[in-house]
Amino acid sequence: MRRVFLIVIAFSLLLAGCQSESVKTIESLSKRQEIAFTAWDIPGYFIAKRVHVVGLGDSLTQGVGDELKKEGYFGRVTTQMNDWRGVKEVDAENLAKRGRRSDQLIDQLGEIDIQSAIKRADMIYLTIGGNDIMKVVKANLFNLKVEPFYVELGKFENRLDESFSIIRALNSDAIIVVAGLYDPTTLVTNETNEFVDIIDDWNEAIEVRASMDNKACFVPVIDLFDTNENMVYHTDFFHPNAKGYDAMAARYLKELKECGLLELSDGEMDM
């Protein structure tokens, strides 16, 4: 009888031990699973999507002068975008036109089909201002003075602000990438002149407007075309050639990275 009693006690202790180990194992497994899942943060670019890109502005975005017919910097950058994280496919729509000034851009932004494209856009590439300056040059060709450029600059700043406001009213989320201007007169002279200061001041106006927008990036390009030693100009000595657009595209990608593409896209795109 005593032997049976001892066996029952031993068996009970064994069962209790197994139950205890089982409970500990379940608790440990539960804790490990909870920790694993709460620490797992899926990045927004994990699921790639179709990205709609719109080009606006003048001949630089249109790609005038590109003998390889790759749509200038715009075509090169949008092609590179296919390799970005978060991008499944790029739907690029280039609406830029040679000779377009800032007042004409505002008129374009009032068109229904243009507004529809902007509403769909995830990114907008813009070049504007060069033809505004050329308008002043042509109007004062035989009597060039500094003052008319700054009178026009004030008007340009207002029109640029209006353009940004129209775009943002249509689309508050798209990344706006706007480039600065360059000075083709450096091909004629290496001396510092008043025109260089004018270009610098116009560039500052563009950069300041971009900085006022929390989803915009300014791309400086003036140093890429300060001479033609690297043969970056088209035969018209005004527009870039294919090599010049290669340099512009590389600068765009560099500046987008420095502007913080991941943050600008709310975590949905990155290089």
Side-chain angles (χ1 to χ4, degrees), residues 44-45 47-63 71-75 77-82 84 86-132 153-181 202-203 205-219 252-253 255-256 259-270:
Y45 56 72
I47 301 176
K49 69 172 187 176
R50 185 185 183 94
V51 177
H52 186 67
V53 185
V54 171
L56 294 175
D58 54 32
S59 56
L60 289 181
T61 297
Q62 185 183 358
E71 285 193 272
Y73 83 84
F74 181 82
V77 172
T78 52
T79 297
Q80 287 287 325
M81 286 178 64
N82 285 289
W84 291 4
V87 177
K88 181 179 181 180
E89 185 179 356
V90 176
D91 179 16
E93 191 171 4
N94 197 340
L95 304 174
K97 185 178 180 181
R98 183 174 191 164
R100 181 165 285 145
R101 302 185 307 269
S102 58
D103 58 320
Q104 295 169 326
L105 173 63
I106 291 174
D107 291 339
Q108 184 192 30
L109 293 175
E111 298 173 10
I112 299 300
D113 56 335
I114 302 301
Q115 292 184 352
S116 178
I118 290 173
K119 288 177 181 178
R120 297 192 305 270
D122 296 294
M123 293 192 74
I124 297 170
Y125 291 98
L126 170 66
T127 53
I128 201 72
N131 293 299
D132 295 69
L153 174 57
K155 298 176 182 179
F156 172 74
E157 288 176 312
N158 291 334
R159 291 192 289 260
L160 186 62
D161 185 67
E162 184 177 353
S163 298
F164 266 77
S165 297
I166 294 172
I167 292 172
R168 283 302 175 216
L170 296 167
N171 188 329
S172 61
D173 295 323
I175 301 171
I176 300 176
V177 188
V178 56
L181 310 175
W202 280 64
N203 277 334
I206 298 171
E207 183 175 9
V208 166
R209 188 57 189 86
S211 68
M212 292 168 61
D213 188 288
N214 61 6
K215 297 202 73 174
C217 181
F218 173 75
V219 180
Y252 268 74
L253 295 172
E255 293 299 325
L256 269 170
C259 283
L261 175 62
L262 185 63
E263 290 75 19
L264 288 174
S265 66
D266 298 322
E268 295 186 353
M269 291 184 287
D270 199 14

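Atom set for the values below is all heavy atoms of this structure, side chains included, hydrogens, waters and symmetry mates excluded. Only a predicted model underlies this, so the values are computations on that prediction, with no experimental measurement involved.
Note: Tyr252 and Tyr73 have parallel aromatic rings, judged against thresholds of 30 and 60 degrees for the angle between ring planes.
Phe218 and Ala179 get closest at one heavy-atom pair: CE1-C, 4.1 Å. Closest approach of Val178 and Phe164 over heavy atoms only: CG1-CZ, 4.3 Å. Nearest heavy-atom pair, Ala174 versus Ala121, reported as atom, atom and distance to 0.1 Å: CB-O, 3.4 Å. Minimum interatomic distance between Gln80 and Leu253 (heavy atoms only, all atoms of both residues): CG-CD1, 3.9 Å. The heavy-atom pair separating Asn171 from Asp173 by the smallest distance is OD1-N, 2.9 Å. Taking both residues in full, the closest heavy atoms of Ile106 and Ser163 are given as CG1-OG, 3.5 Å, listed atom of the first, atom of the second, then distance.
A distance of 12.0 Å separates OG1 of Thr78 from CD of Glu93, quoted to the nearest 0.5 Å. Rounded to the nearest 0.5 Å, atoms SG (Cys217) and CD (Glu207) are 10.0 Å apart. Atom OG of Ser172 and atom CG of Asn214 lie 9.5 Å apart (nearest 0.5 Å). Separation of atoms CD1 (Ile128) and CZ (Arg100) is listed at 7.5 Å; rounding is to 0.5 Å. Here CG of Asp91 is found 5.5 Å from NE2 of His52. Values are rounded to the nearest 0.5 Å.
Arg209 has its side chain out of reach of Glu157: every pair of non-hydrogen atoms, C-beta onward, lies at least 4.5 Å apart. Counting heavy atoms from C-beta on, the side chains of Ile206 and Phe156 come closer than 4.5 Å. Under the 4.5 Å side-chain criterion, counting only non-hydrogen atoms from C-beta, Lys97 is not in contact with Gln104. Asn94 has its side chain out of reach of Tyr125: every pair of non-hydrogen atoms, C-beta onward, lies at least 4.5 Å apart. Using a 4.5 Å heavy-atom threshold, the side chains of Trp202 and Leu160 count as separate. When side chains are defined from C-beta on, Leu105 counts as touching Leu126, because their heavy atoms get closer than 4.5 Å. Residues Glu268 and Asp122 form no side-chain contact, since every pair of their non-hydrogen atoms from C-beta on lies 4.5 Å or further apart. Residues Val53 and Phe74 are in side-chain contact: their nearest non-hydrogen atoms beyond the backbone lie under 4.5 Å apart.
Applying the side-chain hydrogen bond (donor to acceptor under 3.5 Å, both in side chains) criterion to Asp213, with sequence neighbours excluded, gives Arg168. For the side-chain hydrogen bond (donor to acceptor under 3.5 Å, both in side chains) test, no residue two or more places apart in sequence or in another chain qualifies with Gln62.
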Inset, instruction - Verify side chain to side chain contact (heavy atoms under 4.5 Å, CB included) between Leu256 and Met123, making sure each step is shown before the conclusion. - result: CA-CA 11 Å; Leu256 269 170; Met123 293 192 74; 4.1 Å; yes
Using residues 110-119 as the side-chain source, report each donor-acceptor pair under 3.5 Å to any protein atom, sequence neighbours left out, with the distance given to one decimal.
unit_1	atom_1	unit_2	atom_2	d
Gln115	NE2	Leu109	O	3.0
Ser116	OG	Arg120	NH1	3.0

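Side-chain atoms of Asn203 come within 3.5 Å of backbone N or O of Leu181 as a donor-acceptor pair. A donor-acceptor pair under 3.5 Å is absent between the side-chain atoms of Gln108 and the main chain of Leu56, judged by distance alone. Thr61 places no side-chain N or O within 3.5 Å of a backbone atom of Asp58 that could act as its donor or acceptor partner. Panel note: side chain Asn82, backbone Thr79; a donor-acceptor pair is recorded below 3.5 Å. At distances below 3.5 Å, at least one donor-acceptor pair connects side-chain atoms of Lys215 with backbone N or O atoms of Leu264.
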